[in-house]
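Computed from a prediction, not measured in an experiment: that's the story for all the values here.
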Amino acid sequence: MKFDNILSEINGFGRFQIQLVLIQVLSRITLPCHFLLNNFMAAVPAHHCNISALDDGDLFRNLTPQQKLVVGVPAEQDGTLSSCQMFSQAQYQRLSGSNGSEEALTVQCRNGWVYDNSTFKSTLATEWDLVCSRKGMNKATATAFFIGVMCGAPLFGFLSDRFGRRPLLLASYVSSMTFALLSAFSTSYIIFVIMRFFTGMSLAGISIISIVLNVEWFSIKYRTFSGIIISLDWTIGNWLLVGLAYGINEWRMLLLIVTSPLILSVFTWRWLPESARWLLAKGRTDAAHHYIMQCAKMNNRTECMATITPLTLLESAKTETADRKYTFVDLFRTTNIRTLAICSGIVWFGVAFTYYGITLNITGFGLNSYLTQFIFATIEMPMKIGVYFFLEKIGRRPGEVWALLLTGLCLFINMFVAKDKWVTRTVIAVLGKALSEAAFTIMFLFTTELYPTVVRQNGLGYTSFLARLGVSISPLIMLLEDVWHLLPPATYCAVAVVSGLVASLLPETLNTRLPEFIEDIEKPSVQSTRRKEIQ
């Protein structure tokens, strides 16, 4: 009897599965808080040069603060004060409206900057002066974090396929808390970047293991629901981040608070089950039988377990492959899985690159950061509900293709909307954000269904690696606006369209059984024959 048949017998969506989902909400809501934290932690408030060096006596000292700015800081074309330039000498003639200062010598800020602290009391930019010529260092903090996620994804994927989902989740909880704590108490920019790298690496485990553990405990009938319901944790975490960031305007405290749910996750970990599907693939039928019995009891289906014993599980577990150690290399050994790995990797890169290109640019639509982030988070809920019904009726592949292509279309349209039309820009951006979120949600579920159980975490780790590579590059793309102001959105648009076209090459998985071994996708005809024999 196949594991999917067993799950159907003992109820593939009952109290056991509900408890599994609820326990993991605590850890999963911290993911968006950390992944999108730079929108607030690394925010750059309005700033101008510290012009105290221009103090040349009583005349300067008797000026009002506003008058000092007039004589000390040049204005940009739009009338705002320059953020990175100051006059080499005080230009007193500007007080009388004289234009003679137009040719006055300007220099880079000499004594640092003065920041507007009305919104943010403290950010990375204000603490370490990551502005003007050092603004790339501010973007690099997000890049360092996502490089950590990129490195952690294949590492945790490999280890959880080798040692199990459950112990690696605990390791991820503890290490994430540790490095987040060290990040919050960093005394220098370099130490902070290093700690954020390891925080990202640790959180990668929660990101990829939790969704696989959930999907592997849901039956075919409820698998789409499981993928969508767990993605709602991201929306909840998004709302949580907006609320916390609005109330806490000091970056160190904000970092500590958004990490705190992991403390509860460590205590509730004891009630998390191991994946019985993984245990069967490894030939550990006694442990698998224990968790299956646990599931049956909680779902009031113990009568269905009368004929299911460790011996019957052993006979159906294909134990001839249980002792084999699968690695990342197995994703490229044979034709079908190699094609699958290449195509899914490209799509994942495009999905993450585009999603974070929109999400991390919340200041570019004319609204304040909190409101933009709240709107972005809120639109996810109805979009995910719509995605559920689409996936149930139409399928994963067309959903992924159209979500990415339409995201690219929204980015393309916004390239030609004037910046002063912020309502139109925001509406189109929110629609693009919703579609990119739909692509992300579909792809997580799609990937868990595409890869066999024995390499599922390796596959998700590999695709997450490429996704986080895309995320790591995404913030830096905004620096290309110095070359051409439309180059960043044009790049995001092109990547979305190309990855959408590649997604059309992936096989459909709607209402299909999860493959257990690589042979199941290399020789589907043999798989079908074996199923008939076992059943």
Note, Ile518 side chain near Thr334 side chain (heavy atom, < 4.5 Å)
yes
Is Ser172 reaching over with its side chain to a backbone N or O of Ser202, donor-acceptor style, under 3.5 angstrom?
yes
Taking the six-membered ring for Trp and the single ring otherwise, decide whether the centroids of Trp234 and Phe35 are under 6.0 Å apart.
yes
Using modelled atom types only, decide if a donor and an acceptor are shared between the side chain of Arg196 and the backbone of Ala144 within a distance under 3.5 Å.
no
Value rounded to 0.5 Å, distance of CG in Leu169 from CD in Gln24
6.0 Å
Any salt bridge linking Glu437 with Lys384? Criterion: basic side-chain nitrogen under 4.0 Å from a carboxylate oxygen.
yes
Partner of Phe16 under ring-ring contact (aromatic ring centres under 6.0 Å, His included), picked from Trp271, Phe218, Trp217, is Trp217
Minimum-distance pair of heavy atoms, taken over all atoms of Pro515 and Arg456
O-NH2, 3.1 Å
Between Glu380 and Tyr355, which heavy-atom pair has the shortest distance, and what is it?
OE2-OH, 3.5 Å
Kindly indicate whether the side chain of Pro507, heavy atoms from C-beta on, has any atom under 4.5 Å from the side chain of Leu450.
yes
Can you tell if the side chain of Leu272 reaches within under 4.5 Å of the side chain of Leu170, non-hydrogen atoms only?
no
Do Leu404 and Val497 come close enough that some side-chain heavy atom pair is under 4.5 Å?
no
Nearest heavy atoms of Pro261 and Thr30, plus distance in Å
CB-CG2, 3.7 Å
From Ile428 CD1 over to Cys410 SG, what is the distance, rounded to the nearest 0.5 angstrom?
7.0 Å
Sidechain-backbone polar pair: Ser499 side chain, Ala496 backbone, donor-acceptor under 3.5 Å:
yes
Taking the six-membered ring for Trp and the single ring otherwise, decide whether the centroids of Phe197 and Phe179 are under 6.0 Å apart.
no
Sole residue of Ile228, Val387, Thr224 in side-chain contact (heavy atoms from CB on, under 4.5 Å) with Glu392
Thr224
Whether the side chain of Thr407 engages the backbone of Ser436 through a donor-acceptor N/O pair (distance < 3.5 Å, no angle test) should be reported.
yes
Working to the nearest 0.5 Å, report the span between OG of Ser260 and CE of Met177.
10.5 Å
If every non-hydrogen atom of Lys282 is compared with every non-hydrogen atom of Asp161, which pair is closest and at what distance?
CE-O, 3.1 Å
Do Tyr388 and Ser231 have side chains that get closer than 4.5 Å, going by heavy atoms?
no
Check the orientation of Trp239 and Phe374. Use parallel for under 30°, tilted for 30 to 60°, and perpendicular for over 60°.
tilted
Under a 3.5 Å threshold, yes or no: a donor from one side chain and an acceptor from the other, between Arg165 and Ser275?
no
Nearest 0.5 Å please: distance from the CG atom of Leu262 over to the CD1 atom of Ile29.
9.0 Å
Neighbour count above 12 (heavy atom, 6.0 Å) for Arg162 CZ
yes
For the ring-ring contact (aromatic ring centres under 6.0 Å, His included) test, which of Phe332, Phe158, Phe156, Trp348 pairs with Tyr462?
Phe332
Which atom pair, heavy atoms only, marks the closest approach of Asn458 to Leu331?
O-CD1, 3.8 Å
Return the orientation label for the Phe13 and Tyr222 ring planes: parallel under 30°, perpendicular over 60°, tilted otherwise.
tilted
Within the 3.5 Å criterion, strictly below it, is a donor on Ser344 or Tyr451 matched to an acceptor on the partner's side chain?
yes
If only side-chain N and O atoms count, and only distance matters, is there a donor-acceptor pair under 3.5 Å linking Gln17 with Asn299?
yes
Counting only heavy atoms not in Phe412 (residues, nucleotides, ligands), do more than 12 fall under 6.0 Å from its CZ?
no
Short question: side chain of Asn214, backbone of Ser210 - any donor-acceptor pair under 3.5 Å?
yes
Spacing of Leu445 atom CG and Thr509 atom OG1 [to the nearest 0.5 Å]:
6.5 Å
Among all residues two or more places apart in sequence or in another chain, which pass the side-chain hydrogen bond (donor to acceptor under 3.5 Å, both in side chains) test with Trp269?
none
With under 30° as parallel and over 60° as perpendicular, where do the rings of Phe353 and Phe349 fit, or are they tilted in between?
parallel
Give the minimum heavy-atom separation between Thr235 and Ala377, together with the two atoms involved.
CG2-O, 3.4 Å
Side chain proximity check, Arg15 to Gln19, heavy atoms < 4.5 angstrom
no
Does Arg301 reach the main-chain N or O of Glu9 with its side chain, forming a donor-acceptor pair under 3.5 Å?
yes
Donor-acceptor pair, side chain of Asn138 and main chain of Ala42, under 3.5 angstrom
yes
Short side-chain to backbone donor-acceptor contact, Glu508 and Arg396, under 3.5 Å
yes
Measuring from Leu254:CG to Leu241:CG, what's the distance to the nearest 0.5 Å?
6.5 Å
Candidate pair Tyr246 and Phe40, rule ring pair (Phe, Tyr, Trp, His ring centres under 6.0 Å), full reasoning
CA-CA 9 Å; Tyr246 186 78; Phe40 304 103; 9.8 Å; no
Pairwise side-chain contact, Val427 with Val430, heavy-atom cut-off 4.5 Å (strictly under):
no
